[in-house]
K.L.:
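Here you go, one structure.
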Amino acid sequence: QMMKATVLVVVLALALSQTPGCEAFAGFSSSSSSFLQAPSLTARQAATKGFFASEESLITPQGFGFSAPASRILSEAAGSYHKASVSDGVIEVTEAITGAAASDVALVFDENDQLAGLFTESDYIKFSTARAKASKTEEQSASFLLAPVQDYVTPAKQLIAITAEETANVAIALMKDSRVRHLIVADTVSKQRRLEDSSEIVGVISMQDVMSTIQKDERLSFSTLAQKYPNIKDPFEQMIEEVKEVNDELANNPEQTKQDILAVGTSVLFVGAMAAFFSQVGWLHDHADLVMIGIFVLGYIGIIFEEVFEFNKAGVALLMSTGLWVTYADFFQSSGTASEQVLEQLGEQLAEVSDICFFLLAASTIVEVVDLHQGFKVVTNRIQTTSKKSLFWTIGFLTFFLSAILNNLTVTIVMVSLLRKLVPDDNDRRLFGAMVVVAANAGGVWTPIGDVTTTMLWINNQLSTIPTVTELFLPSLVCLVGSLAFLVNQVEEDEGSAMALPEATEVSPRATLVFWSGIACLLAVPVFAEFTGLPPYLAMLTGLGFMWTLTDVMHLADEKEGLKVPAALARLDTAGILFFLGILMSIGVLDKSGLLKDLAVYLSNNLPSLDIIATVIGLASALIDNVPLVAATMGMYDLADYGTDDRLWQLIALCAGTGGSILVIGSASGVALMGLEKVDFLWYARKVSVGAAVGYFAGIATYLAQTAILSGGSILPQAAVAVDVAQQTVQAIM
């Protein structure tokens, strides 16, 4: 009967999920169909593909069935696990896990009470097979029976783990994906679903434990429906009635109302745009420039308020770029179809943008490979201090130099993860995290591969390697020191006791090799570009090819697929790369149409100097993503008028990179901190913004003074210029 009811539920869910007005059933429909039909899923895929039983699921409420947490599954399981020692015999442990009231799994610990591995009946079968193959006499067979269990366990490093808060559907997906029947439940697990050194084991759950809990919850839910609708005998009709009630509740939900308004508004806007395009309205031909500006502004609003509208900014950027190119090709000084000139311009722009996208793809993959092998411990293990303020400066300078050779977003994520082990207090850790954002953004400015905006200017030949490093290093360093000197005053030392750091863990030779190989690949990029004259993305792809081959060779014997490049590629932020594609294609069409040139003329006529223009762009990057700002500036000013390594390009790199630190939403590093440490906008503005602004203006002043000294002039006039720039910038904003 239970099987019939389950089949009925799945069929009904699939049918209702296709019916308008039955969105409440979509959560179960998605989870059930994914579970029954989909190929192997990772835990992340399970979450993103709707594998969860939704909060409005008609089968089981939140916290039950497929959404039951592992802690509850563990508490309802028949037994936990048998604790064994590495010196225990195989037969002894086997008897312990096959007893009538025992668990079917043993966790084996070493003499230091550290987990050595897991032993199940499957491991005993492997043991028996090995004994049969190796034993030619009864004496040899008997000696096998005395073998210690540690020789036949599944090693702790290979065990799959989940946290106690994760749900039954995640557990099922992990077991299916990893082809295992048991999962370790712990308080913390790594991104690779492995136990960490600091993890505390809560218990072990099996596939049988998970399915038993789900089936029990579903039986209870069927009984609840029967009690709720006593006058309706047919279970199918009971669920139809429940659908109606849930939809009525959703209709009165303010959040649902907002989503409906957004959906209707988006649909109307899209249909209207399509109708105007296909009807070839004459107004579009006459005012194509205004339409392009409108599309760009609407797209930008969607990107800035991504969290409000709940639209992914990558999708918005791609739609914006398509809309702009269609308008430009078919309406902007056009007869109705794309000309050969427009098609040629489109190909040129795509080639330029592809350089940046391939560069980011290869660089991010190399960093992910290093992170998968825990190579960054080579650096973090060397941190030794007992003072919070000393640690503040140490982390700041470490972040500054790391972000010069690595992606500053990745450095931020790595350093915040490190801070969770170094700084236990939440308030202190938020301040340290904010410092990491400032340091990462400052450090990314002075090398071509540190920050995406500097990389964009470098790839498009506005900047070259050696002048960028030599002329932007000191201003970036002053920006860091100025900000940290202001922020460190908020760090309070613990009274009466020194701060204790966790002990450094041993770094494997493979991790060390991968770390230094990855660093070498990243550092070789500008050298490759300078000596060969080939574009930087080709050098980065060469480095990726080397790392790919290296890791394949390293793991030929152990077949650890999770440590190879394909696993790193699966972890990449592909949406972020598509966002860059959409933004840069959008800026490109505005450049081709001449609209950016018009903006450049307007700024030049209304702002007294290029220094102020660059400063304003930097302050604007505190509110607006610096990628489109820099991309727009690249189109506004011609390389023929402002050559490679011109003062304008260097100032834009400095200002756009460091200005994003003034507000937490101004950079990818800041947005990452918001998600990792729950830092809110107002806290950051109150605690950090002033310090970041101090460093920002100090960096600009240092650059202007340095330029004056290098050009043989006096520093005093440049100091006056710096003050004048700050005053006029404030006036321009106000």
Side-chain angles (χ1 to χ4, degrees), residues 31-32 34-52 66-71 73-74 77 80-81 97 103-108 115-127 152-197 199 201-214 368-369 371-374 551-552 554-572:
S31 63
S32 302
S34 297
F35 174 58
L36 294 174
Q37 302 171 14
S40 178
L41 295 176
T42 64
R44 180 179 297 179
Q45 289 170 331
T48 57
K49 291 190 177 183
F51 196 74
F52 292 93
F66 282 97
S67 62
S71 58
I73 297 171
L74 193 63
S80 181
Y81 61 86
I97 65 174
S103 172
D104 63 344
V105 63
L107 293 184
V108 182
L115 182 65
L118 177 142
F119 187 84
T120 66
E121 293 176 353
S122 298
D123 296 304
Y124 178 74
I125 294 174
K126 295 178 184 176
F127 160 78
Y152 299 98
V153 298
T154 302
K157 292 183 178 180
Q158 297 180 16
L159 298 179
I160 309 298
I162 63 171
T163 63
E165 294 77 21
E166 291 182 292
T167 50
N169 46 2
V170 174
I172 294 173
L174 280 171
M175 291 183 191
K176 190 170 187 279
D177 190 41
S178 306
R179 297 182 179 180
V180 297
R181 295 190 303 115
H182 295 86
L183 297 176
I184 306 295
V185 182
D187 58 345
T188 58
V189 298
S190 69
K191 293 180 180 178
Q192 292 77 41
R193 292 290 172 180
R194 299 294 191 269
L195 293 172
E196 299 176 325
D197 295 336
S199 298
I201 297 174
V202 180
V204 182
I205 59 174
S206 66
M207 177 65 81
Q208 181 179 353
D209 296 332
V210 176
M211 295 309 300
S212 176
T213 299
I214 292 173
E368 285 289 348
V369 170
D371 189 35
L372 282 172
H373 288 80
Q374 299 185 356
T551 52
D552 280 350
M554 285 173 53
H555 301 294
L556 277 176
D558 52 31
E559 297 183 354
K560 292 183 177 178
E561 299 297 330
L563 297 179
K564 295 182 179 180
V565 170
L569 287 168
R571 294 175 54 180
L572 287 185

K.L.:
Have Asp209 and Ser212 got a donor and an acceptor in their side chains that come within less than 3.5 Å?
P.N.:
no
K.L.:
Pro566: what forms a side-chain contact (heavy atoms from CB on, under 4.5 Å) with it, not counting sequence neighbours?
P.N.:
Trp548, Lys564
K.L.:
Of all heavy-atom pairs between Gly203 and Leu74, which one has the smallest distance, and what is that distance?
P.N.:
CA-CD2, 3.8 Å
K.L.:
So, using side-chain contact (heavy atoms from CB on, under 4.5 Å) as the criterion, who are the partners of Gln158 when residues are at least two apart?
P.N.:
Thr154, Pro155
K.L.:
State, to 0.1 Å, how close Ala68 and Thr213 come at their nearest heavy-atom pair, and which atoms those are.
P.N.:
CB-CG2, 4.2 Å
K.L.:
Which atom pair, heavy atoms only, marks the closest approach of Val565 to Val369?
P.N.:
CG2-CG2, 4.0 Å
K.L.:
Output the distance between atom OH (Tyr124) and atom OH (Tyr152), rounded to the nearest 0.5 Å.
P.N.:
11.5 Å
K.L.:
Return the CE to CG distance between Met207 and Leu183, rounded to the nearest 0.5 Å.
P.N.:
8.0 Å
K.L.:
Quick one: OG1 on Thr163 to CZ on Arg193, what's the gap to the nearest 0.5 Å?
P.N.:
6.5 Å
K.L.:
Using a 4.5 Å cut-off on heavy atoms from C-beta on, say whether the side chain of His373 contacts that of Thr551.
P.N.:
yes
K.L.:
What are the two closest non-hydrogen atoms of Pro69 and Ala164, and how far apart are they?
P.N.:
CB-O, 3.7 Å
K.L.:
Just how far is it from atom OG1 of Thr120 to atom CG of Leu107, taken to the nearest 0.5 Å?
P.N.:
11.0 Å
K.L.:
Given side chains that start at C-beta, do those of Glu196 and Ser190 come closer than 4.5 Å, heavy atoms only?
P.N.:
yes
K.L.:
Between Leu159 and Arg194, which heavy-atom pair has the shortest distance, and what is it?
P.N.:
O-CD, 3.2 Å
K.L.:
List the residues meeting side-chain contact (heavy atoms from CB on, under 4.5 Å) with Ala161, not counting sequence neighbours, and say none if there are none.
P.N.:
Ile184, Val189, Leu195
K.L.:
Between Ala70 and Ile162, what is the shortest heavy-atom contact and its length?
P.N.:
CB-CD1, 3.7 Å
K.L.:
Please name all residues satisfying side-chain contact (heavy atoms from CB on, under 4.5 Å) with Val210, sequence neighbours left out, ordered by chain then number.
P.N.:
Ile73, Ala168, Ala171, Ile172, Met175, Ile205, Ile214
K.L.:
Would you check if the side chain of Ser199 reaches a backbone N or O of Thr188 as a donor-acceptor pair within less than 3.5 Å?
P.N.:
yes
K.L.:
Rounded to the nearest 0.5 Å, what separation is found between the CD1 atom of Ile201 and the CG atom of Leu115?
P.N.:
4.5 Å
